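Please read the structure below before turning to the comments.
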Amino acid sequence: MTVRDILKMGDARLLRLAQPVTAFDSDALHWLITDLLDTMRAANGAGLAAPQIGVDLQVVIFGSHDRNPRYPDRPVVPSTVLVNPVIIPLNDATEDDWEGCLSVPGMRGVVPRWSRIRYTGFDQYGDPIDRVAEGFHARVVQHECDHLWGKLYPMRMTDMTKFGFTEVLFPDIAAGEDD
Ligand code: NI
């Protein structure tokens, strides 16, 4: 079990296009996923992408079995390992909502995202994943996969007046966390 350091915005490794995974069910991939899970849980993240711990591979994890203390009013997203993902928007509709990111600590911003998507990819064993998601689930998937294309959520924002410090915007949430 290893809680890894999370890279912060400004680190050039967060801006790379991540490489596809070519070997499934390998020791290296299982160790990577264990580290991602340990690191995400230690930080109470809603998700985490391999580039955030400096690993240049198309691997993200998201979701949990319980509500997330950083997003207490949000629905539960199924606990998922997603490798080599592809996202397809199912219509033109977008919705705005607040996001945070462990690589942008202490901040929140309003980000437009596709409201309804299909996402495909593989789990760590190479078994295919093919799901339709909407709302918060769709948002989390888009946010995490963006890390694989070198995009951080502030780069997706369209209204920078809705960007600020969590402790100012949401003092009740900020009281329980240190990022
Ligand atoms: Ni993030």
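As the structure is a prediction and not an experimental result, all values here were calculated from the model. For ligands, and for the atoms within them, numbers begin at 1 and follow the listed sequence.
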Return the orientation label for the Trp98 and Phe170 ring planes: parallel under 30°, perpendicular over 60°, tilted otherwise.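 If you compare the ring of Trp98 with that of Phe170, the planes turn out perpendicular.
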Ile129 and side-chain contact (heavy atoms from CB on, under 4.5 Å): which single residue from Asn84, Val83, Asp123 fits?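 The side-chain contact (heavy atoms from CB on, under 4.5 Å) with Ile129 is passed solely by Asp123 among Asn84, Val83, Asp123.
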Run the side-chain contact (heavy atoms from CB on, under 4.5 Å) check on Cys101 and Gln52 step by step: do they pass? CA-CA 10 Å; Cys101 179; Gln52 292 181 276; 3.7 Å; yes
For Phe24 and His30: C-alpha separation, side-chain torsions, deciding distance, then whether ring pair (Phe, Tyr, Trp, His ring centres under 6.0 Å) applies. CA-CA 9 Å; Phe24 290 90; His30 291 306; over 10 Å; no
Quick one: does any side-chain atom of Asp96 pair with a main-chain N or O of Val110 as donor and acceptor, under 3.5 Å?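 Not at all, since once roles are kept as given, no pair shorter than 3.5 Å links the two residues.
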Would the distance check show the side chain of Arg4 and the main-chain N or O of Leu32 forming a donor-acceptor pair, the cut-off being under 3.5 Å?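 A pair under 3.5 Å: no.
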Which N, O or S atoms belonging to the protein are less than 2.8 Å from the Ni ion (ligand 1)?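 Listed by chain and number, the atoms are Cys101 SG, His143 NE2, His147 NE2.
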